[in-house]
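What follows is a set of notes on a single structure, which appears directly below.
Counting from 1, the numbers follow the sequence of the chain as shown. Computed from heavy atoms alone, side chains included, the values below leave out hydrogens, waters and symmetry copies.
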Amino acid sequence: QVQLVESGGGSVQAGGSLRLSCAASGYTFSIYCMAWFRQAPGNEREGVATIDSASSTNYADSVKGRFTISRDNAKNTLYLEMNSLKLEDTAMYYCAAVRNWVCSRDYDVWGRDNVYNYWGQGTQVTVSS
């Protein structure tokens with residue numbers, strides 16, 4: 001069955017960097033639109049970035065220029081490189097997948113969690129001052 005397993009979270013000081021990974025199994029990874037979401041305590045889950053089968057990407061405005069999403073189809077792995085981390089980036093980070101060759105370019109679509117069929121269990125990122 002489909003399984004998504006995130007790793008790479010941790011505690012970091014503001015201005016630091018982390019790289020998250022999401023190992024996928026049980027489906028043809030390359031043909032899925034993949035996404036990173038995050039959820040801070042008391043907040044709704046929000047879309048962070050997506051990448052499609054052609055490696056076209058979308059980013060939330062709050063992370064543009066700081067985060068980079070990528071994928072390695074040979075390794076069935078999704079990545080999120082996070083630089084210049086801010087206190088407000090503290091959240092549980094989730095990877096998600098939907099069976100579409102492309103991801104919508106509209107944040108109002110790709111940023112909705114009910115678009116995605118599969119989810120990982122999450123990895124915690126904590127940014128401190």
(Q) Given 3.5 Å as the limit, does a donor-acceptor pair link the side chain of Ser104 with the main chain of Asp106, or not? (A) yes
Which heavy-atom pair separates [X] from [Y] by the least distance, and what is that distance?
X: Met34; Y: Ala97; value: SD-CB, 3.4 Å
X: Leu78; Y: Cys95; value: CD2-CB, 3.9 Å
X: Ala60; Y: Gly47; value: CB-O, 3.5 Å
X: Ser84; Y: Asp89; value: O-OD2, 4.4 Å

Any side-chain heavy-atom pair from [X] and [Y] closer than 4.5 angstrom?
X: Val125; Y: Thr90; answer: no
X: Thr57; Y: Thr50; answer: no
X: Tyr116; Y: Cys33; answer: yes
X: Asn83; Y: Phe67; answer: no
X: Val12; Y: Ser17; answer: no
X: Tyr94; Y: Thr123; answer: no

Taking atom [atom1] of [X] and atom [atom2] of [Y], what is their separation to the nearest 0.5 Å?
X: Ser70; Y: Ile51; atom1: OG; atom2: CD1; answer: 6.0 Å
X: Ser53; Y: Trp101; atom1: OG; atom2: CH2; answer: 5.5 Å
X: Ser128; Y: Leu85; atom1: OG; atom2: CG; answer: 10.5 Å
X: Asn76; Y: Gln3; atom1: CG; atom2: CD; answer: 12.0 Å
X: Asn100; Y: Trp110; atom1: CG; atom2: CH2; answer: 15.0 Å
X: Gln13; Y: Thr126; atom1: CD; atom2: OG1; answer: 13.0 Å

**Q.** Audit row: Val5, Gln121, side-chain contact (heavy atoms from CB on, under 4.5 Å) steps and yes/no
**A.** CA-CA 7 Å; Val5 179; Gln121 83 291 345; 4.3 Å; yes
Q) Is there a side-chain contact (heavy atoms from CB on, under 4.5 Å) between Ser129 and Leu87 once you walk through the steps? A) CA-CA 7 Å; Ser129 59; Leu87 298 178; 4.2 Å; yes
Q: May I have all residue pairs that pass salt bridge (Lys or Arg N to Asp or Glu O under 4.0 Å) and include part of residues 42-65, sequence neighbours excluded?
A: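 Sorted pair list: Arg38-Glu46, Arg45-Asp113, Asp61-Lys64.
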Q) Tell me the salt bridge (Lys or Arg N to Asp or Glu O under 4.0 Å) pairs involving residues 67-88, sequence neighbours left out? A)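 Output for this query lists Arg19-Glu81.
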Check whether [X] and [Y] end up in the same hydrophobic cluster, where Ile, Leu, Val, Met, Phe, Trp and Tyr are linked by side-chain heavy atoms less than 4.5 Å apart.
X: Tyr59; Y: Val98; answer: no
X: Val102; Y: Tyr107; answer: no
X: Ile69; Y: Val109; answer: no

Q: Could you check whether the rings of Tyr32 and Tyr118 sit parallel, tilted or perpendicular, using 30° and 60° as the cut-offs?
A: tilted
Q: Over 60° means perpendicular and under 30° means parallel, so classify the ring planes of Tyr27 and Phe29, tilted if in between.
A: tilted
Q. Quick one: which of Trp119, Tyr93, Trp36 gives a side chain to side chain contact (heavy atoms under 4.5 Å, CB included) with Glu6?
A. Trp36
Q: Could you give me the CA-CA distance, side-chain angles and deciding distance for Leu4 and Cys22, then say whether side-chain contact (heavy atoms from CB on, under 4.5 Å) is met?
A: CA-CA 6 Å; Leu4 300 173; Cys22 172; 3.9 Å; yes
Q) Does Arg105 have any side chain to side chain donor-acceptor pair (under 3.5 Å) partners at least two apart in sequence or in another chain, and if so, which? A)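 Partners of Arg105 by the side chain to side chain donor-acceptor pair (under 3.5 Å) criterion, ordered by chain and then number, come out as Asn58.
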Q | Working for side-chain contact (heavy atoms from CB on, under 4.5 Å), residues Val48 and Leu80 | A | CA-CA 10 Å; Val48 174; Leu80 185 68; 4.3 Å; yes
